[in-house]
Amino acid sequence: MSFSGDVKRELLEHVGSARHCLIAELSALICACGRVSLEPPMLEIHTENEVPYKKALTLLQKAFNLKSLEEQHVEGGGWSLRITLAPEIYTVLSACGLVQRTADGWMLETAPEERITERSCCRRAYIRGAFLGSGSINDPNKNYHLEFVLEQKAKAEKVQRLLGEFGVEAHVLIRRRFSKDIYVTYLKDGSQIADVLNIMGSHASLLRFEDIRVVKDVRNQINRQVNCEAANLDRIVSAAVRQTEDIRLIEERLGLDTLPKGLREVAEARLAAPDASLMDISVQLGIGKSGVNHRFRKLLEIADSLRQSKS
Ligand SMILES: [Zn+2]
């Protein structure tokens, strides 16, 4: 089972006790997978997956005493919940802040009214409902990505705004799906995704997520260290290669025995051990590292002046 599926199954068990929270979560679920119309009145929650369907059923039963709730499992076509009595449809929709009464009758809202998510507990419940109905999270072993896919911009921005109130910075982008624009509220930062799991109350998933994140961080740190050591080694080797070239040039043009004794010693040590470090040579000759370094610089000057005189 996917990491996303595990998170959703955990959230299914998380049912608030306060009615305001049940309604906030239901409101988000209707926004994510509801089919709503007023002419004629219709309220249906349709999901591909069993988990959000079960959650919607629980919320409707706990928050409302409905007589006209129809459940349906369409083989291969998902699950649906339908309320058939018009007064009950209005009761649910207005409780969820999804319709407004006007002088001419009822009007659909583009996103739930603000009062639905006034309380912090209800904001958490709303984010939980939105995730159950429209969200997914990638396996953290692969990459960090959490998203909510919604059909209207106002709904995507509402999720973004609510996350922002918990200090989570999500982005909204438009994606093209089946020749239709959809809106994706997403985040890619590991620690912020962990925050979202915490906000929704999926604590077991949060622990798993953080375990994986720690292992990944340590692995990255080790990789960085190894790369850094490899780069150091590269530098040592390329310095040694340059020194060897300088010495070969001097040997060819002047002969090593024309060099002062100190320089000749270092030159011979380098030719004898092309991959020795400065420290190795310093130990071998019994002189300080800076002394060895100084003598290589002198050899470099001689080689450079030979190159110049040639050109
Ligand atoms: Zn609440």
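Positions are given from 1, in the same order as the sequence printed here. Counting starts at 1 for both ligands and their atoms, in listed order.
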Within the 4.5 Å heavy-atom criterion, are [X] and [Y] side-chain neighbours or not?
X      : Y      : value
Gln160 : Tyr183 : no
Met200 : Arg124 : no
Lys216 : Tyr144 : yes
Leu57  : Glu71  : yes

Is it true that Asp246 and Arg270 make a salt bridge, defined as a side-chain N closer than 4.0 Å to a carboxylate O?
->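 No, no charged N to carboxylate O under 4.0 Å.
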Evaluate the side chain to side chain contact (heavy atoms under 4.5 Å, CB included) criterion for residues Phe131 and Leu146: first the C-alpha distance (whole Å), next the side-chain angles of each, then the deciding distance (0.1 Å), finally the verdict.
-> CA-CA 9 Å; Phe131 184 80; Leu146 184 150; 4.1 Å; yes
Take the Zn ion (ligand 1) and tell me which protein N, O or S atoms are nearer than 2.8 Å.
->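 Hits for the Zn ion (ligand 1) below 2.8 Å: His20 ND1, Cys21 SG, Cys121 SG, Cys122 SG.
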